[in-house]
Structures are given as structure tokens and as C-alpha cells.
Amino acid sequence: MTDTTQEGAPSQALSFELKCTDGRARRGKVTVTHGSFETPAFMPVGTRGTVKGMTPRDLRETGAEICLGNTYHLNIAPGGKIVKKLGGLHGMMGWDAPILTDSGGFQVFSLPKLEIEEEGVTFAFKKGGKAIQLTPERSMQIQEALGADIIMAFDHVVAHPAPYQLAEEAVYRTSRWLERCRKAHTRTDQALFGIVQGSTFPNLRRLSVELICSQDLPGYAIGGLSVGEGHQLMMDTIDQTEPFMPAEKPRYLMGVGYPEDLVEAVARGVDMFDCVLPSRLARSGIIFTRHGRYRVTKGRYKADKFPLDTNCNCYACRNFSRAYINHLINSKEILGSVLATLHNITFYQDLMRAMRQAIEEGRFESFRRAFLDEYLSDDR
Ligand code: PRF
Ligand code: ZN
């Protein structure tokens, strides 16, 4: 363990304390307007201002210290104006801890769109008879109305595999759009993060890091991954990106991922993650445990009296059987989704806590090997 206690570049909206490192793995703490969170951190996704099925009280109980909302969806409903009137996302949701909003950049990749131009992106979906357009300026305006502690630059994400020329164009465009985001961003109580793109081309990742990280911001994200390139190529790309990012600022790997992705990315110096997986998969009955994933809706769990995970202390595991949750989800009872989500997010938060502790104690490498060994072994 190497002690590297230091404060990041001064920023009114965010400070990052890098407490220690173990190999490339980092243990830190991020402080923003609505409080702080320990890193490495996992942020559950509340796309429309709610992590589906979770009250904020439930969410806190899983160990989550920060959650995520989405500009594109919240702009459609209820809209930035109404959210602002309700006291911003914090007031509306009744979540008084840190929040991060994504810019809508990922929806450029994932949703039907009419046009991508230098000005911005026009989506196929219409609101009040008008096609929705997002530009860097509009994304900043909406994110300022939503009022999250950390807001994301509006970026151009390309699919995988991407032709080199398109990926290169997206790198330069993402950099120009970041300059426009910085100019449009006025609230000093919100921290704006830049996003590195470049698909899986090592030289484009280097170029993007240079273009993005030379713009002085309180934190930076690695975008454009987990879009179908597979685990190993994602890790190789992180290896070609992370070493060139500033050490004194938080690094956020967007939209990742499976537990094995989190462990391997933490080993490569990533501090923050978000992903819909634990909540989305929970709703179809997929349960995460130390020994891997399983489907609790299968017939073999119909009369199983054990909890979802015998190593877990969440509310669902303390009080209910696999048999009951099998019945609930198979009968489409909403409590089934609620309990499975509570468990899966708790599993992710427990994993993050275990990684933080392993880094502090200088045994991350052995933790990583033991975790992956147990998690990826095929004993279910
Ligand atoms: N950009 C933005 N949001 C994102 C991504 C990105 O590249 C990803 C990539 N997996 C998830 N969410 N703005
Ligand atoms: Zn549990």
C-alpha cells in the first residue's frame, strides 16, 4: 500500500482525496455539494428519477452513496422545468445525497435518431409534436435544471465495431462539444466531467485523452465501452487510456458492468461505475452471488427454503426464501422485483466495500484472484 493522501485540483464543486493505492488500484473519497462518497464507487441507475422499485430509504440501506439520473429521459418527463420547481432531482426524489446525471450522449448511440450534426442530435422520439433535439448547450441547460452534483459532457458515442474514420470524427466532435459544454455550464455548485471516446483504437484513445484531459475539469470519464466489444477488449482499451489520465482526479467508467468487469477495472485504476445490470437483471429473476449468477425463477428453486444468497445480510436475504421470491417473480408480483433488486444492488455495494478494504490493506491482488476464482467457477 502506498500512501498518496492529497487533494485534487481546487474546484468549488468537487474535491477528490486519493487516500492510497495498491498497484494501480485506488482508494479515495469524492466530496460534492450534497455530501461525499467513498471510491471505488458503484452508482445504481435511476434513469427517470427512480431506481426501479427502490425507495431512497431502501437504496441507502444497500450501501449506495450516490445514484444516477438521465437527462434524455427526464427531459421527456417530467421535464427540467418541473423537476426544478420540485427542488431539483434531490428534492423531487427525496434523495439528499450525491447524484450524477448523464448527458444524453449515450442515447445518441442507443436510441433511434434522425440526424447527428455538428450542432447536435435530433432524436426520432417526439415531445409535444416536436422532434427532440439535444445539443451540448441544451444538455447543460437541462442538467442545470435537474441540479445533480456531477453532470456529464454531451458526447458522441459510436457503436462497436466502428469504422476508424467515424471513430476519429467522434473523438474530435466530442472534444469540440466539450468546449461548448464548458462555456454553457454556469452553476458553480455542479462538477462537469469530460468523457474520453475513441472506440477500441489505441491511438484514438490517446488522442481523445489529450483533447479531453487538457481541458481543466474536476473529473473525467471513459466512455464508449461495454458496447459489445467484450471483456478482454474493454480491459485492453482501459489499459491504453487510464495511464494517460490525470492521477489526481476521479475516473469514471461509464455503463459498466458485470462484477468481473468492476474488479478488473478497479485493478486498472478506475474509481467510479454505473450500470443498470443489477437492477434490470433482478426484475427478470437473475440473482448475483459470490459464486456467480443464477435464475431464481427456475423450477429447482420452487420449494427452496434458503435465502437468495446465504452470504448476504440484506433485507431480502434476512427475511425471505428463494421459494417465495420464485413464486413472486413468476406470478409477476412487484414485490418479487423489489426484493431481487434490493439484493442485487446490495451485492454490488458489498463488492465495492470489499474492494475498498482490500486496497486499504494492500491485498487487492489476492482479493482479485480469490474473487474471480470463486465467482467464475462453474459450481451452480
Ligand atoms: N457516454 C455517455 N454515457 C454513457 C456512455 C458513454 O460513452 C456509456 C458507454 N458504455 C454508458 N453511458 N454520455
Ligand atoms: Zn441479499
Side-chain angles (χ1 to χ4, degrees), residues 43 45 47 58 61-63 68-73 100-111 121 134 136 139-140 142-143 148 150-160 162 167 170-171 173-174 177-178 181 192-200 205 208 212 220-231 233-234 237-238 241 252-258 261 265 270 272-278 282 287-291 294 296 306-322 324-325 338-351:
M43 308 181 278
V45 178
T47 301
D58 292 337
E61 206 181 289
T62 67
L68 189 137
N70 201 294
T71 301
Y72 175 85
H73 301 84
L100 179 150
T101 47
D102 196 359
S103 57
F106 190 62
Q107 278 64 50
V108 176
F109 156 86
S110 64
L111 293 181
V121 178
L134 278 183
S139 177
M140 290 300 106
I142 300 165
Q143 291 190 80
I150 301 175
I151 67 176
M152 300 305 297
F154 189 65
D155 55 338
H156 184 179
V157 188
V158 297
H160 182 86
V171 163
R173 174 165 289 156
T174 295
W177 282 359
L178 176 57
C181 286
L192 171 65
F193 279 27
I195 307 175
V196 173
Q197 292 291 339
S199 187
T200 52
R205 284 282 164 183
S208 188
I212 300 301
Y220 301 97
I222 303 174
L225 290 178
S226 205
V227 291
E229 74 280 5
H231 176 82
L233 195 46
M234 167 158 62
T237 308
I238 297 171
T241 308
Y252 163 28
L253 179 59
M254 305 190 79
V256 175
Y258 288 100
D261 299 330
V270 173
M272 297 164 62
F273 302 89
D274 79 280
C275 194
V276 295
L277 272 179
I287 304 302
F288 287 94
T289 79
R290 276 186 358 205
H291 305 282
Y294 73 99
V296 72
F306 284 100
L308 288 178
D309 179 353
T310 49
N311 294 116
C312 180
N313 196 35
C314 81
Y315 174 75
C317 291
R318 286 198 314 271
N319 293 285
F320 306 98
S321 62
R322 290 172 187 158
Y324 180 48
I325 294 169
V338 168
L339 294 175
T341 304
L342 201 53
H343 167 73
N344 278 355
I345 295 182
T346 302
F347 175 80
Y348 267 60
Q349 296 301 340
D350 286 352
L351 172 60

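Nothing here was measured: the structure is a model prediction, and the numbers come from that model. Remember, it's 1-based here, ligands and their atoms both numbered in the order they're listed.
Geometrically, ligand 1 and Gly223 share no nitrogen or oxygen pair separated by less than 3.5 Å. Distances between N or O atoms of Asp102 and those of ligand 1 include at least one value under 3.5 Å. An N or O contact shorter than 3.5 Å links Met254 to ligand 1 by distance. When only interatomic distances are considered, the shortest N/O to N/O separation between Leu225 and ligand 1 falls below 3.5 Å.
Atom 1 (N) of ligand 1 has as its closest protein heavy atom Asp155 OD2, 2.7 Å. Atom 8 (C) of ligand 1 has its closest protein heavy atom at Phe106 CD1, 3.3 Å.
For the 3.5 Å distance criterion, the side chains of Asp102 and Tyr72 fail to qualify, holding no donor opposite an acceptor.
Of the options Ile287, Asp309, Val296, a side-chain contact (heavy atoms from CB on, under 4.5 Å) to Arg322 is made by Val296 and by none of the others. When each of Ser139, Ser103, Pro136 is tested with Trp177 by the rule side-chain contact (heavy atoms from CB on, under 4.5 Å), just one qualifies, namely Pro136.
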Please step through side-chain hydrogen bond (donor to acceptor under 3.5 Å, both in side chains) for the pair Gln143 and Thr101, ending with a clear verdict. CA-CA 7 Å; Gln143 291 190 80; Thr101 47; 2.8 Å; yes

Please lay out, stage by stage, how Met43 and Met272 fare under the test side chain to side chain contact (heavy atoms under 4.5 Å, CB included). CA-CA 8 Å; Met43 308 181 278; Met272 297 164 62; 3.9 Å; yes

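The heavy-atom pair separating Leu308 from Tyr294 by the smallest distance is O-OH, 2.6 Å. Closest heavy-atom contact between Arg318 and Glu61: NH2-OE2, 4.3 Å. When all heavy atoms are compared, the tightest approach of Ala153 to Ile195 is O-CD1, 3.4 Å.
Near Ile195, the atoms of ligand 1 lying under 4.0 angstrom from a non-hydrogen atom of the residue are 13 (N). When each atom of ligand 1 is checked for a heavy atom of Ser103 under 4.0 Å away, the hits are 13 (N). Contact atoms of ligand 1 toward Val157: 1 (N), 6 (C), 7 (O) (distance under 4.0 Å to a heavy atom of the residue).
Judged by distance alone, with hydrogens and angles left aside, the side-chain atoms of Ser208 form no donor-acceptor pair with the main-chain N or O of Val171 at under 3.5 Å. Between the Asn344 side chain and the Phe288 main chain, a donor and an acceptor come within less than 3.5 Å of each other.
Only the side chain of Gln197 comes within 4.0 Å of ligand 1, judged by heavy-atom distances.
Among Cys275, Gly224, Gly257, Gly228, the residue whose heavy atom sits closest to atom 7 (O) of ligand 1 is Gly224.
Here the protein contributes Cys312 SG, Cys314 SG, Cys317 SG, His343 ND1 as N, O or S atoms under 2.8 Å from the Zn ion (ligand 2).
Under the 4.5 Å side-chain criterion, counting only non-hydrogen atoms from C-beta, Val121 is not in contact with Gln107.
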